[in-house]
> 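Take this structure first; my questions come after.
Only a predicted model underlies this, so the values are computations on that prediction, with no experimental measurement involved. Note: hydrogens, waters and symmetry copies are ignored here, and every other heavy atom, side chains too, is used.
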Amino acid sequence: MKFLKWTGAVLVVAAVSLVGLLYAYVSWIPRGPELTDPVQTPEGTSSFVMTAYETSDRRTIRVWTHRPEGWTPADPVLIVMHGMGRNADDYLDAWAETADTQGILVIAPEFENRFSRYVTADYQEGNVRNVFGALNPESEWAFTVIENIVDELNARNDWAISEYDMFGHSAGSQFIQRMVMMKPGARIRHAIAANAGTYTFPDDDAPYPYGLQNMPFSAAEAYATELTILLGENDNTADQGFLEQTDRAMAQGNFRLDRGQNLFAAAQANAEARNVPFAWQVQIVPGVGHNYRAMSDAASELLATLNNNPE
């Protein structure tokens, strides 16, 4: 009996230590790539590394940019959010031709993490909560990092970018939808969230990131943001990429196509119940599955329409 008690105590200590080590890794150890000198943003494709937080230098982030020839701060700005593979350079490449054609400055942040397949809270969940469920300071949310990147570009180039569009696919789509819900003061003009695996529903009984239980939320500001839920018609099977199939995820729908339409319907109903304006829309892309390049092409056509027809 004493042996069993001793063994149990050892297992408890080991489990607590493992959680502590995981928290230390997620919160402190991965500082990120080495900082680069703060130079002006050149034309073409380039990258730089900056501190992610305004209040601390313990995290860095690489930012990829593609600046078309002749682009000025009066022209459109697009922030592209990568998927689970955290391959920001590939996403930037998918938008380079569109950037040159439409005269768009494309910014692609790279949320680097070698354990990205197992640790998702730091990126697609926005680093809003730590591994123990407590709220992180808003200054360290991944959503806030986006605002910091725009401020950094403004400072080093003497620009005055006051608004930007966003596109994200898969995990990047999760990021954008949650940023719209959780960061109402962000300078987003148009946001396009494509083929997300899960969403944050306006459900006060579901824990974050699936719902808003015990989370700050301004419905009037979130629903006033121009968000398009962009869905591939053929993203309707579980064998395309990694599709979360926990009970919480499955409650949102069987596949990404279902979940996106269900999220839109729930948000629209919530806005009506709260009697606040609703600026979201949902669009389905025919013949496309879970393909970030094809969805990027569809998003570029949508952005061209939005940018050429301002309200």
> Please confirm whether F201 and Y210 have ring centers closer than 6.0 angstrom.
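Ring-ring flag for F201/Y210: false, centres at least 6.0 Å apart.
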
> Can you check whether G168's main-chain N or O pairs, donor with acceptor, with Q174's side chain at less than 3.5 Å?
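Absent.
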
> Might you work through the side chain to side chain donor-acceptor pair (under 3.5 Å) test for E110 and W64, ending with a clear yes or no?
CA-CA 7 Å; E110 184 175 284; W64 293 87; 3.1 Å; yes

> Within a strict 4.5 Å, meaning less than it, do heavy atoms of the Q252 and N262 side chains meet?
no

> Going hydrophobic residue to hydrophobic residue with side-chain gaps under 4.5 angstrom, can you get from I176 over to V282?
yes

> Do D151 and R187 sit within salt-bridge range, that is, some charged N less than 4.0 Å from a carboxylate O?
yes

> Which class fits the ring pair W95 and F167: parallel under 30°, tilted 30 to 60°, perpendicular over 60°?
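Because their plane-to-plane angle lies in the 30° to 60° range, the rings of W95 and F167 count as tilted.
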
> What's the separation between atom OG in S296 and atom CG in N291, rounded to the nearest 0.5 Å?
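S296 atom OG to N291 atom CG measures 8.5 Å (nearest 0.5 Å).
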
> Fit a plane to each ring of H290 and H169, take the angle between them on a 0 to 90° scale, and name the class: parallel (under 30°), tilted (30 to 60°) or perpendicular (over 60°).
tilted

> If two hydrophobic side chains count as joined below 4.5 Å and joins carry through other members, does V49 share a cluster with V106?
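Unlinked, V49 and V106 end up in two clusters.
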
> Give the C-alpha distance, both sets of side-chain angles, the deciding distance and a yes or no for side-chain contact (heavy atoms from CB on, under 4.5 Å) between R58 and R31.
CA-CA 6 Å; R58 64 184 176 84; R31 184 173 188 274; 5.6 Å; no

> Rounded to the nearest 0.5 Å, how far does CH2 of W141 lie from OH of Y53?
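Rounded to the nearest 0.5 Å, the OH-CH2 separation comes to 12.5 Å.
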
> In this structure, which one of E125, M181, M215 forms a side chain to side chain contact (heavy atoms under 4.5 Å, CB included) with P209?
E125

> Would you call D75-R67 a salt bridge at under 4.0 Å N-O?
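A salt bridge is absent here (no side-chain N lies under 4.0 Å from a carboxylate O).
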
> Pick one: which of I229, L230, V285, D235 meets side chain to side chain contact (heavy atoms under 4.5 Å, CB included) with N195?
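Filter result, single survivor: D235.
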
> Can you establish whether the number of heavy atoms outside E97 located under 6.0 Å from its atom CD is more than 12?
no

> Does the side chain of Q281 come under 3.5 Å of the side chain of T228 through a donor N or O and an acceptor N or O?
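A pair is found: one side chain offers a donor N or O, the other an acceptor, under 3.5 Å apart.
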
> In a check of side chain to side chain contact (heavy atoms under 4.5 Å, CB included) between T45 and each of D93, T65, L92, D89, which one passes?
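Among the candidates, only L92 passes.
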
> So, Y208 and N214: side-chain donor and acceptor under 3.5 Å apart, yes or no?
no

> Exactly one of R256, Q261, R259 should register a side chain to side chain contact (heavy atoms under 4.5 Å, CB included) with L231. Which one does?
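Answer after filtering R256, Q261, R259: Q261.
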
> I want to know whether F264 and W280 have ring centres closer than 6.0 Å.
no

> Say you draw a straight line from CD of E233 to CD of Q283; how long is it, rounded to the nearest 0.5 Å?
13.5 Å

> Does NZ or CZ of R156 lie under 6.0 Å from the centre of the six-membered ring of F48, at an angle within 45° of the ring axis?
yes

> If you round to the nearest 0.5 Å, how far is CG of N254 from CG of L243?
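Here the interatomic distance stands at 9.5 Å.
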
> Looking at R59 and E140, is there a salt bridge between them, counting it only when a charged N and a carboxylate O are closer than 4.0 Å?
no

> Indicate whether the side chain of N157 and that of T41 have a donor and an acceptor atom separated by less than 3.5 Å.
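Distance-only check passes for N157 and T41.
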
> Taking C-beta and beyond as the side chain, do V63 and I107 meet within less than 4.5 Å on heavy atoms?
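Side chain of V63 against side chain of I107, heavy atoms only: contact under 4.5 Å found.
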
> If we check side chain to side chain donor-acceptor pair (under 3.5 Å) with Y164, which of these qualifies: R189, H190, E147?
E147

> So does G185 get a backbone contact from the side chain of E221, meaning a donor-acceptor N/O pair under 3.5 Å?
no

> Output yes when a side-chain donor or acceptor of D165 lies under 3.5 Å from a complementary backbone atom of A191, and no otherwise.
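No, D165 side chain to A191 backbone: no donor-acceptor pair under 3.5 Å.
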
> Hey, does Q177 have a side-chain heavy atom less than 4.5 Å from the side chain of L263?
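Yes, side chains in contact.
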
> If two hydrophobic side chains count as joined below 4.5 Å and joins carry through other members, does I161 share a cluster with F143?
yes

> Is the centre of the Y123 ring less than 6.0 Å from the centre of the H82 ring?
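Y123 vs H82: aromatic centres under 6.0 Å.
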
> Ignoring hydrogens and geometry beyond distance, is a side-chain donor-acceptor pair present between R178 and T198 at under 3.5 Å?
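Checked: R178/T198 side chains pair up, N/O donor to acceptor below 3.5 Å.
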
> Before accepting this row, confirm whether a basic side-chain N of the pair R86/D122 lies closer than 4.0 Å to the acidic partner's carboxylate O.
yes

> Whether the T237 and Q240 side chains hold a donor-acceptor pair (N or O, under 3.5 Å, no angle test) is what I'd like checked.
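Yes - a donor-acceptor pair under 3.5 Å links their side chains.
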
> Do L212 and L135 share a hydrophobic cluster, counting only Ile, Leu, Val, Met, Phe, Trp and Tyr and linking them when any side-chain heavy atoms are less than 4.5 Å apart?
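Same cluster: L212 reaches L135 through Ile, Leu, Val, Met, Phe, Trp or Tyr contacts under 4.5 Å.
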
> Could you check whether R62 and S47, counting side-chain N and O atoms only, form a donor-acceptor pair closer than 3.5 Å?
yes

